[in-house]
Every structure is written in structure tokens, then in C-alpha cells.
Amino acid sequence: MAVTSEMYLNTSRISNSQVYMFVGLVSSRWMLQTSTCSYGQWYDPYEPFESRAIMRCVSHAYAKPGKELVYIAPKLQGLATAWIDVEDHHFNPPASRLVTELVEKPKQGLTPDEAVVAEAMSELAVVLDVYEQRLKETSSGFLGGDKLTSADLTHTPNLHYLMGTPSRELFETPPLLNSWCKELLARLAWAKVVHLVNKHT
């Protein structure tokens, strides 16, 4: 939901109040329906509900001229989409485990499982090696092509939390990866999202 909020805040046609309404609506539906229904029981089978699906929808529907986060050319958009899938299937699993162990558990007064942390750090390090190589190949400093795309933005929630933990060392050593992280987290739209999250939690 956080990255979806940035997609909204990054456009000139959407207000903060609309962000609250949108995120609240989707979150409410998610909590209500996943707690009582299976995926096949959604009241509207054509309404996107998963955060990355919503992000893709928003990035197309509210593209800001000259600052589009998607491509019109099918081949280029296919490439950006592939890197969204890489985040989903390879980056997110170990990153999410680290957020759980190093961020969520301490907030609840629980002790992180060192074995889980070590395993997740090892898995994430392998993924980040691939990212560093990819950033060398694009020469743009972004994963999805020659510009910032939703493929980059989908990483920001986990990056935000991981950079406040010991796992940040994984991102600080590779030079291109380090620059990529800093640029994403320094975005004004993301700063607004962080402010909204801190204000309402």
C-alpha cells in the first residue's frame, strides 16, 4: 500500500485526502474479504486487490506526461514488468523476513531469530549481487530500463525499513546499488508517504 500511495502522490491530479480514501478503501476490503473469503469469492472479479496489481493499474491510469513510470513500447514495458516480478519472487521474500525479525519483532518486545536473520541475509545478498550487475547493464541507475519505473518503486517499502537495520550493510557496499537506494528513498513523494505513515501509526 505504501508504494501505491507514492504512485498517487507522484501525480499532480490527486490530493492527499484521495490517498487516504484510496488506501483505506483497499485496505478495508482486503482485511474484510481475506479474513472471510477465498480469492474466488471476490464480489468483483475484475477489481485488482494485490498491491503490485494496484500499482501497475495506477501507474498506467495516472501517468504524468514526461514522468511516466511505465513504457508505451510493449518490449520495454515487458522488461519493466519482469523486474516487478523479480522483486515479488526474489527480493521480497528474504527482505520481508528481515523486516519481520529486525523491525516488527523488536516493536513487540520479541527477540529476533538469529538463524532466520542469517539465512535471509544470505539469500538477499545473492539477489543484490544480481541487482548490482543489472544496474551496470542499464547505465541509467534503474532496474526497469532507461528511467525510473514502477519496477524500482515497488522496492521502497522494504528498503525504507531495512536501511534502519544492520542489514543496510548489504546495500551500502555495492556502489550502484547504494546510489539506487539513496535516490529512491530521497524522493519527495516517498518522504510524503513516510510522513503519512508516521502520522497515522
Side-chain angles (χ1 to χ4, degrees), residues 1-9 16 19-39 41-42 48-55 83-132 143 150-174 177-178 180-187 189-201:
M1 284 306 146
V3 70
T4 305
S5 298
E6 175 169 353
M7 308 293 288
Y8 268 75
L9 288 169
N16 286 356
V19 173
Y20 297 139
M21 182 174 66
F22 177 82
V23 174
L25 175 63
V26 174
S27 298
S28 297
R29 288 178 179 174
W30 171 260
M31 292 301 293
L32 175 63
Q33 297 182 26
T34 56
S35 64
T36 59
C37 307
S38 68
Y39 287 171
Q41 295 174 309
W42 285 80
F49 60 89
E50 193 271 336
S51 61
R52 292 172 188 80
I54 296 170
M55 178 193 67
W83 279 93
I84 295 176
D85 291 338
V86 170
E87 185 276 332
D88 187 8
H89 299 295
H90 299 282
F91 178 89
N92 185 62
S96 293
R97 293 204 303 275
L98 286 171
V99 171
T100 297
E101 296 296 329
L102 300 176
V103 179
E104 297 302 328
K105 278 191 173 182
K107 285 182 179 179
Q108 300 170 27
L110 302 174
T111 302
D113 186 322
E114 294 184 5
V116 173
V117 171
E119 181 181 37
M121 290 268 285
S122 179
E123 289 180 22
L124 187 57
V126 173
V127 175
L128 296 182
D129 284 344
V130 175
Y131 276 40
E132 179 73 6
L143 294 173
S150 50
D152 301 290
L153 293 184
T154 191
H155 293 79
T156 47
N158 278 327
L159 285 178
H160 169 73
Y161 289 110
L162 292 179
M163 294 304 280
T165 73
S167 62
R168 66 180 176 273
E169 66 186 39
L170 296 175
F171 300 89
E172 291 176 340
T173 302
L177 186 68
N178 187 30
W180 174 75
C181 291
K182 287 181 177 179
E183 180 161 354
L184 290 180
L185 297 178
R187 290 171 53 78
W190 180 248
K192 291 181 179 179
V193 171
V194 173
H195 174 73
L196 293 177
V197 171
N198 292 337
K199 184 178 179 180
H200 294 279
T201 55

From CA spacing to verdict: side chain to side chain contact (heavy atoms under 4.5 Å, CB included), Tyr161, Leu102: CA-CA 9 Å; Tyr161 289 110; Leu102 300 176; over 6 Å; no

Side chain to side chain contact (heavy atoms under 4.5 Å, CB included) assessment of Asn178 paired with Thr173: CA-CA 7 Å; Asn178 187 30; Thr173 302; over 6 Å; no

From CA spacing to verdict: side chain to side chain contact (heavy atoms under 4.5 Å, CB included), Leu162, Phe171: CA-CA 9 Å; Leu162 292 179; Phe171 300 89; 3.9 Å; yes

Audit row: His160, Val194, side chain to side chain contact (heavy atoms under 4.5 Å, CB included) steps and yes/no: CA-CA 9 Å; His160 169 73; Val194 173; 3.8 Å; yes

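Side-chain atoms of Pro157 and Trp190, non-hydrogen and from C-beta on, do get closer than 4.5 Å to each other. Using a 4.5 Å heavy-atom threshold, the side chains of Glu132 and Leu128 count as separate. Val86 is not listed as a side-chain neighbour of Phe91, based on a closest heavy-atom distance of 4.5 Å or more. Side-chain contact between Leu98 and Leu124: present, with at least one pair of heavy atoms (C-beta onward) separated by less than 4.5 Å.
Counting all heavy atoms, side chain and backbone alike, Leu177 lies closest to Leu170 at CD2-O, 3.8 Å. Arg168 approaches Met163 most closely through the heavy-atom pair CD-O, 3.3 Å. Summarising the geometry of Thr156 relative to Leu185, their closest heavy-atom pair is O-CD2, 4.0 Å, with the distance given to 0.1 Å. What you find for Pro106 and Glu101 is that their closest heavy atoms are CD-O, 3.3 Å. Between Thr165 and Val103, the shortest heavy-atom contact is CG2-CG2, 3.7 Å. Closest approach of Glu87 to Pro93, counting heavy atoms only: O-CD, 4.3 Å.
With hydrogens and angles ignored, the 3.5 Å screen pairs no side-chain donor or acceptor of Ser122 with any backbone N or O of Ala118. Side-chain atoms of Thr154 never come within 3.5 Å of backbone atoms of Ser150 as a donor-acceptor pair (strictly under, hydrogens ignored).
Using modelled atom types and a 3.5 Å distance limit, the side chains of Tyr131 and His90 yield no donor-acceptor pair.
Of the inter-residue distances, the one linking Asp88 atom CG with His155 atom NE2 reads 10.0 Å to the nearest 0.5 angstrom. Expressed to the nearest 0.5 Å, how far CD of Glu169 lies from CE of Met121 amounts to 4.5 Å. The NZ atom of Lys107 sits 11.0 Å away from atom OG1 of Thr100, with the distance rounded to the nearest 0.5 Å. Here the straight-line distance linking atom CD1 of Ile84 with atom CG of Leu153 works out to 9.5 Å at 0.5 Å rounding.
More than 12 heavy atoms of other residues, nucleotides or ligands sit less than 6.0 Å from atom CD of Glu104.
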